[in-house]
Amino acid sequence: MQLHPIINYIREQFRHHRFFTFLHLFGTTITVMIATMIIMDLDNHVHPGGPEENTAQLRYITVMNLKQTHSNNTKTGGVTLPIAQKIAQRVHEVDHVAFSTTKNWTLPKDYSVYGLALRYTNSKFWNVFSFEFIEGNGYTQQEVESGEKKAVISKKLRDILFPGQKQVIGKTASINDESCTIIGVVENVSATCNQTHADAWLPFTLHDRQATSGMVNEPGTYSLSFLLSANSSENILQQEVNNLQAEINQTKKEWKIQLAPIGDSWSAHFRDPRGVGNYEGKFNELLTLFSRILLIMLIPAINLISLNITRMHERSEEIAIRKTYGASNTRLLNQLLVEQGGLTIVGGILGFLFAIVTFLFYKNEILFSTGSFEHIEVSFRISFLPIIGSLLVVFLLNIMGGFIPALKIIKIQPAKALKGDLS
Amino acid sequence: MIKHSLKLIWNQRKKNTYLIIELFLIFVLLFLNGTYLIEKGSYYLEGVGANVEDVTYIRLEKKTPITPNDLATFNALKNELREMKTIENVSLNYRSTPYTYSMQRDKVKAGKHQLNCRIQSVDDDYQKIFQSPITAGDWFTAKDTNNRIAPALITEKTANYLFANESPLNKRITIGRDEFRIVGVLEKSKRNNYEKEQHAIIIPISRSNWLKENNLSELAIRSYSGQALNIQEVISHLRNYLPAKQYDIRQISEMTQMKTNANRFTKSDILMSLGIMLFLIINMVLGMIGIIGYRVKLRREEMAVRMAMGATAKKVSQQIRVEMYLLCLLSIIPALLMAIQIPLLDLFPVDDSLFYIALGSAILFIYLLVAIAVWYPARSILRIEPALALKEE
């Protein structure tokens with residue numbers, strides 16, 4: 001088909017029955033908007049960007065179970081510090097292993113209180129994640145081991161602690177009641193970055209003794225991150241971790257540890273809040289998500305079908321005449337689908353834009369439905385996943401809302417239709 | 001007329017299928033969402049039994065377990081803080097502040113009855129901070145707390161469960177090995193707005209688990225209304241008694257902000273489901289207006305003939321209405337048959353009364369929607385001029 005008639009078809013379709021056109025657009029736009037927002041929400045948690053830009057190479061262990069040998073008693077939590085240290089030292093398959101834990105920090109400043117986050121890390125943390133340093137750099141292994149009070153802070157915290165100052169390296173600030181020397185300033189990290197987000201990063205040796213040693217039979221709060229290099233294999237890494245786990249369990253009598261399998265950002269998002277078990281791969285989770293979107297789409301799609309059947313019935317005489325003059329079924333189907341498709345695509349584009357605008361204004365509320373975010377830093381990005389997702393939704397809507405009625409209408413018998421028998 | 005309408009629906013069954021499916025889905029959605037909204041709405045309207053306006057919360061963690069000596073330290077601190085111009089009162093409590101997630105539970109015994117209860121450990125100033133309404137008796141005083149048998153308050157819900165029709169005042173209850181005497185009844189005590197009320201008992205902090213291998217203490221400060229609290233000044237007072245070497249300040253927050261945060265998750269959930277529901281409903285109603293309007297247009301001639309033969313316009317438009325109401329009934333019957341199974345099989349984790357209210361309002365609501373959808377097309381019938389309509393043909 002040439003370009004010209006297609007545009008003509010679509011223009012006619014817009015003018016034809018304005019109320020139905022509006023309904024078609026309304027249904028498509030909002031459905032695509034809802035679907036896009038659901039997908040963008042997921043995408044921003046799985047691919048948060050910032051220091052965790054390198055999602056393909058990053059692997060995590062963030063949960064651990066403690067299981068009592070003679071009963072079903074299980075406790076779930078993070079990894080304990082000794083285990084995290086052991087794994088970081090003994091794993092050879094990857095060069096860089098980071099571990100870190102977070103702590104809330106309340107910073108009173110005159111009449112307001114800032115709710116901030118601290119992260120205690122090892123020195124490899126700065127190698128595993130790609131932070132954008134504005135000035136200075138991270139702490140070294142030696143500095144961590146000797147427990148020096150050095151801190152890396154975010155741009156936001158710099159502006160709170162040293163208003164108006166641009167160069168703060170070497171200055172000291174009281175962070176969580178410890179006076180620390182600032183050795184680096186980094187760009188703000190979005191709170192969607194689960195493994196890196198904080199306002200200040202400190203050596204883990206500064207973390208409270210009590211909390212770090214932990215009780216023997218309690219899970220910890222640490223999480224481990226591995227940076228795979230080009231020639232390291234995930235299977236060998238898993239094998240190494242399994243061997244270490246077996247080694248640790250030999251020394252434990254009553255409570256055995258069970259580390260979660262090494263997972264990527266998908267499993268960190270889906271599995272970890274639920275503990276070690278209960279995860280059957282990202283395919284299952286995506287299927288659940290997709291069926292949820294499909295369910296929301298069902299009502300608008302059925303609405304579109306009945307709307308379009310009515311709309312096409314109005315044109316049954318026109319189609320019957322074209323049929324008598326020899327137009328083939330394929331040609332008629334093509335025309336009807338292009339007309340429908342034009343409307344649906346316009347609705348899809350509008351829906352996609354609406355979703356992005358809504359994200360711009362309500363990103364905090366959408367990405368974080370729990371906790372406090374008065375002072376939280378959230379950024380979002382648009383990657384190919386929501387675009388593909390919304391295209392898929394548009395396609396499905398078009399198939400359901402346009403194809404079914406079109407197939408019905410081209411089956412009409414011209415003689416009957418022209419006589420006025422529309423049933 | 002009903003018989004005739006049913007026949008018409010049957011004759012048009014192919015066209016009506018999609019409409020019936022759509023009505024069915026919307027009805028199921030209305031029912032499920034309605035149950036959720038009515039449940040959460042009724043919890044919200046109950047309130048939490050605490051006024052957190054002008055209250056600031058401080059969470060403290062000691063690095064070693066708390067000892068009885070610490071109580072004297074906290075009392076001295078409270079006295080010093082009360083001397084600040086902006087502060088009305090200060091209270092020390094343990095796992096009891098509303099809108100925090102921590103709580104402790106234990107078994108409470110009274111006679112034959114036994115109950116798993118939320119235990120709130122607070123001091124005698126707690127009521128002055130949160131202004132919780134008391135329905136019987138009084139709050140315990142500093143003097144009461146040293147009695148051999150410690151005083152306690154319970155909530156109305158707990159009182160009804162434990163003592164049914166008797167007055168709970170001066171009755172004895174036990175938690176573990178400790179015995180308590182009930183001195184008052186509190187209207188209500190909840191942790192956040194959208195939560196179902198749990199059974200709760202309020203005991204003096206000096207007689208509670210606060211002193212048993214614990215390192216957490218919580219302060220609630222009420223400032224005079226409209227006067228901002230100078231937090232750095234509060235902290236400097238705090239540090240006079242609780243040095244940084246021993247105590248960690250874990251959190252300082254305005255409680256109105258904590259309220260917003262604690263309710264946020266449920267609130268955004270409610271808004272989201274309301275938004276999606278609204279969109280689907282608008283979609284359905286507008287779609288129905290379009291389709292019914294089109295059908296009316298097709299049947300203009302038939303209606304004009306009927307009017308010419310003497311039928312009133314009102315009667316003709318009523319025909320369309322009855323047809324749609326019947327269609328709606330047909331589509332919700334299968335949903336009703338399914339819904340009836342729910343209380344019979346105990347599938348739904350809600351009260352039976354809530355279930356029937358939700359079901360009833362879903363039926364009412366879907367009929368309201370159909371009535372709205374059919375209103376415009378039915379009215380357009382009234383404007384048909386038989387002579388004109390037939391002449392145009």
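For the numbers below, each heavy atom of this structure counts, side chains included, while hydrogens, waters and symmetry mates do not. In what follows, chains carry the letters A, B, and so on, assigned in the order in which the sequence lines appear, proteins first and then strands, with residues in each chain numbered from 1.
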Quick check for you: to the nearest 0.5 Å, what is the distance between M284(B) atom CE and L23(A) atom CG?
12.0 Å
Nearest-0.5 Å distance that lies between atom OG1 in T106(A) and atom CD1 in I231(B)
10.0 Å
If I measure from the heavy atoms of chain B, does I30(A) come under 4.5 Å with its side chain, its backbone, both, or neither?
both
Below 4.5 Å from any heavy atom of chain A, which atoms of K297(B) appear? Answer side chain, backbone, both or neither.
side chain
Ignoring hydrogens, what is the shortest heavy-atom contact between S306(A) and I291(B)? Give both atom names and the distance.
OG-CD1, 3.4 Å
L307(A) versus chain B, the contacting section by heavy-atom distance below 4.5 Å:
both
Region of F26(A) in contact with chain B, defined by heavy-atom distances below 4.5 Å:
both
Gap between atom CG of L25(B) and atom CG of L295(A) - 0.5 Å precision
8.0 Å
Please check if atom CE in M272(B) has more than 12 non-hydrogen atoms from other residues, nucleotides or ligands closer than 6.0 Å.
no
Among I21(B), I281(B), I26(B), find the one that has a side-chain contact (heavy atoms from CB on, under 4.5 Å) with I299(A).
I26(B)
Closest heavy-atom pair and its distance - E22(B), I302(A)
CB-CG2, 4.0 Å
Is I252(B) close to chain A through its backbone or its side chain, or both, or neither, when contacts mean heavy atoms under 4.5 Å?
both
May I ask you to check whether over 12 heavy atoms, not counting those of R239(B), lie within 6.0 Å of atom CZ?
yes
Say you draw a straight line from CD1 of I34(A) to CZ of F279(B); how long is it, rounded to the nearest 0.5 Å?
5.5 Å
In Å and rounded to the nearest 0.5 Å, what is the CD1 to CG distance from I305(A) to L19(B)?
12.0 Å
For atom CZ of F19(A), decide whether the heavy atoms of other residues, nucleotides or ligands shown that lie under 6.0 angstrom number more than 12.
yes
Please report the closest heavy-atom contact between L280(B) and P300(A), naming both atoms and the distance.
CD2-CD, 3.5 Å
Closest non-hydrogen atom pair, K103(A) against D248(B):
NZ-OD2, 3.5 Å
